Structure formats: C-alpha cells, structure tokens
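These notes are about the structure you will find just below.
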Amino acid sequence: GAVVSQHPSRVICKSGTSVKIECRSLDFQATTMFWYRQFPKQSLMLMATSNEGSKATYEQGVEKDKFLINHASLTLSTLTVTSAHPEDSSFYICSALVRDGNEKLFFGSGTQLSVL
Amino acid sequence: AQTVTQSQPEMSVQEAETVTLSCTYDTSESDYYLFWYKQPPSRQMILVIRQEAYKQQNATENRFSVNFQKAAKSFSLKISDSQLGDAAMYFCAYFPNSKLTFGKGITLSVRP
C-alpha cells in the first residue's frame with residue numbers, strides 16, 4: 001500500500017510553546033489529507049481536512065487558530081499546535097487520500113504529544 | 001448525520017477459530033466506501049479490507065471477509081483462522097468521498 005510518513009513520532013514540550021507535526025506522502029500525490037486526534041482506547045476524531053493549495057476545513061469545536069494546518073504541496077501537510085497546553089496532550093494521526101478510482105486512505109504512524 | 005456504530009466494545013476468540021465483528025452505519029448517500037482498519041498496540045492504522053457500496057459482491061482479503069448488507073446498512077467483518085497477531089483494536093469506517101467517519105472501535109483479543 002501507499003506510504004505516509006509522519007514525524008516526529010513523539011514530542012515533549014513545555015506549556016506555551018508551539019509544535020509542528022509533518023505528514024508526507026512518499027510515493028503518491030495527496031491532494032487531500034486528514035488530521036485526527038485520538039485519546040487512549042478511544043476512536044479517531046477528525047480535526048480537519050487539508051486540501052493542497054487551499055485553506056483547511058475544520059470540524060466543529062476545533063480551534064483553527066490553535067491547530068494551524070498547511071498543505072503547501074501535494075506531498076506535505078503540516079499541523080502546528082500553537083501555544084500548547086497540557087490538555088492538548090494527545091495522539092495525533094494524519095491520513096492521505098489516494099484517488100485513483102479505488103479510493104483508499106493511508107495513515108501515518110502518529111505523533112504522541114505530551115505538554116508539560 | 002452520518003454515524004457509524006460498533007456496539008460491541010470487546011470480543012475474544014480462540015486461536016484458529018472464526019470471529020465476526022459487527023458494524024452498522026447510517027447514511028442517505030447511495031455511493032460510498034466502507035473500510036475496516038486494524039490498530040495494534042503500535043497504534044499504526046492498517047487497512048484490513050475495503051468495500052464499495054455499489055458492488056454487491058462482498059470483499060475478501062485472505063482470512064478477512066465482509067458481509068455487506070446495503071439495505072440494512074450493515075458491514076460486518078469475519079476473521080477466519082484467527083491468529084495471535086490479529087489481536088488489536090478494529091475500527092469500522094464510512095467514507096462518502098468527503099471525510100472518513102469512524103466507529104468507536106472494538107478490542108479483539110485472541111486466546112492461545
């Protein structure tokens with residue numbers, strides 16, 4: 001299947017700092033990427049849909065100024081958690097949509113964010 | 001609203017036996033995709049199987065098969081000859097070509 005690379009896999013930061021998470025499609029072009037958040041033993045919650053060259057679409061209740069998404073190329077989307085607080089600690093996962101007539105979504109390996 | 005329901009939070013199966021994980025969904029769309037994803041302790045999401053709503057034939061991938069009942073909006077996953085490596089959390093997901101909606105997931109344990 002298609003490969004989606006997500007970095008870093010784990011990050012620890014101080015409260016008030018910003019953290020950037022990268023999501024890259026390695027062997028295909030992804031016009032659409034999705035960002036999810038997952039709490040322990042729970043399902044994935046969609047945060048936003050990232051489209052190359054346009055503004056991201058955020059789900060209800062997700063603060064767009066706190067979770068900045070940039071999709072500047074067909075292979076890279078970034079999520080920046082600004083002014084992080086302990087309640088932002090979570091597992092963040094990206095996924096990329098493959099549109100080739102057999103639509104599939106492939107996921108990055110996730111990023112565990114811990115805010116102290 | 002489009003929802004995906006996985007009513008069983010946990011299931012257990014004996015190694016080499018067969019287990020079925022249930023999933024129902026609600027939609028007014030006629031064309032969409034359904035997926036089952038596996039999430040092992042590593043938390044990497046792995047695509048198990050995919051079904052296109054317009055296809056009546058049930059999808060099959062080796063030991064994994066689905067029972068897709070479009071009218072009933074049901075999409076269950078059957079795992080045959082269960083292996084220890086099948087132990088994981090399994091998510092049913094619905095994709096109407098816009099965004100992927102997940103069920104709450106089910107934790108499957110495999111007894112040796």
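Naming convention: chains lettered A, B, ... in sequence-line order (proteins, then strands); numbering from 1 in each chain. Keep in mind that the numbers below use all heavy atoms, side chains included, and drop hydrogens, waters and symmetry copies. Not measured: the values here are computed from a predicted model.
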Counting only heavy atoms not in Lys70(B), do more than 12 sit closer than 6.0 Å to its NZ atom? yes
Less than 4.5 Å to any heavy atom of chain B: does that hold for the side chain of Gln6(A), its backbone, both, or neither? neither
Comparing Arg50(B), Met45(B), Gln6(B) against chain A, the one with the most heavy-atom pairs below 4.5 Å turns out to be Arg50(B)
Using a cut-off of 6.0 Å, state whether more than 12 heavy atoms not belonging to Lys78(B) lie near its atom NZ. no
Identify which part of Lys41(A) has an atom lying under 4.5 Å from any heavy atom of chain B, answering side chain, backbone, both or neither. backbone
Do Leu116(A) and Tyr92(A) land in one hydrophobic cluster if side-chain heavy atoms of ILVMFWY residues count as linked below 4.5 Å? no
Would you indicate whether Arg10(A), at its atom CZ, is surrounded by more than 12 heavy atoms from other residues, nucleotides or ligands within a distance under 6.0 Å? no
Just wondering, more than 12 heavy atoms not from Glu87(A) lying within 6.0 Å of its CD? yes
Go through the steps for Arg43(B) and Gln38(A) under the test side chain to side chain donor-acceptor pair (under 3.5 Å), then give the verdict. CA-CA 10 Å; Arg43(B) 294 192 289 186; Gln38(A) 185 181 31; 5.9 Å; no
Could you tell me which non-hydrogen atom of Tyr37(B) sits nearest to which non-hydrogen atom of Leu105(A), and how far apart they are? OH-O, 2.6 Å
Are Ile46(B) and Ile79(B) in one and the same hydrophobic cluster, where Ile, Leu, Val, Met, Phe, Trp and Tyr link if side-chain heavy atoms are under 4.5 Å apart? no
Please report the interatomic distance CG(Leu46(A)) to CG(Leu100(B)), rounded to the nearest 0.5 Å. 8.5 Å
Between Gln39(B) and Ser43(A), is there a donor-acceptor pair closer than 3.5 Å when you use the side chain of the first and the backbone of the second? no
Report, as yes or no, whether the 6.0 Å neighbourhood of atom NZ on Lys55(A) holds more than 12 heavy atoms from other residues, nucleotides or ligands. no
If I measure from the heavy atoms of chain B, does Leu44(A) come under 4.5 Å with its side chain, its backbone, both, or neither? both
Relative to chain A, which segment of Phe102(B) carries a heavy atom at a distance below 4.5 Å: side chain, backbone, both, or neither? both
Restricting to non-hydrogen atoms, name the atom on Gln42(A) and the atom on Phe91(B) that form the minimum distance, rounded to 0.1 Å. O-CZ, 3.8 Å
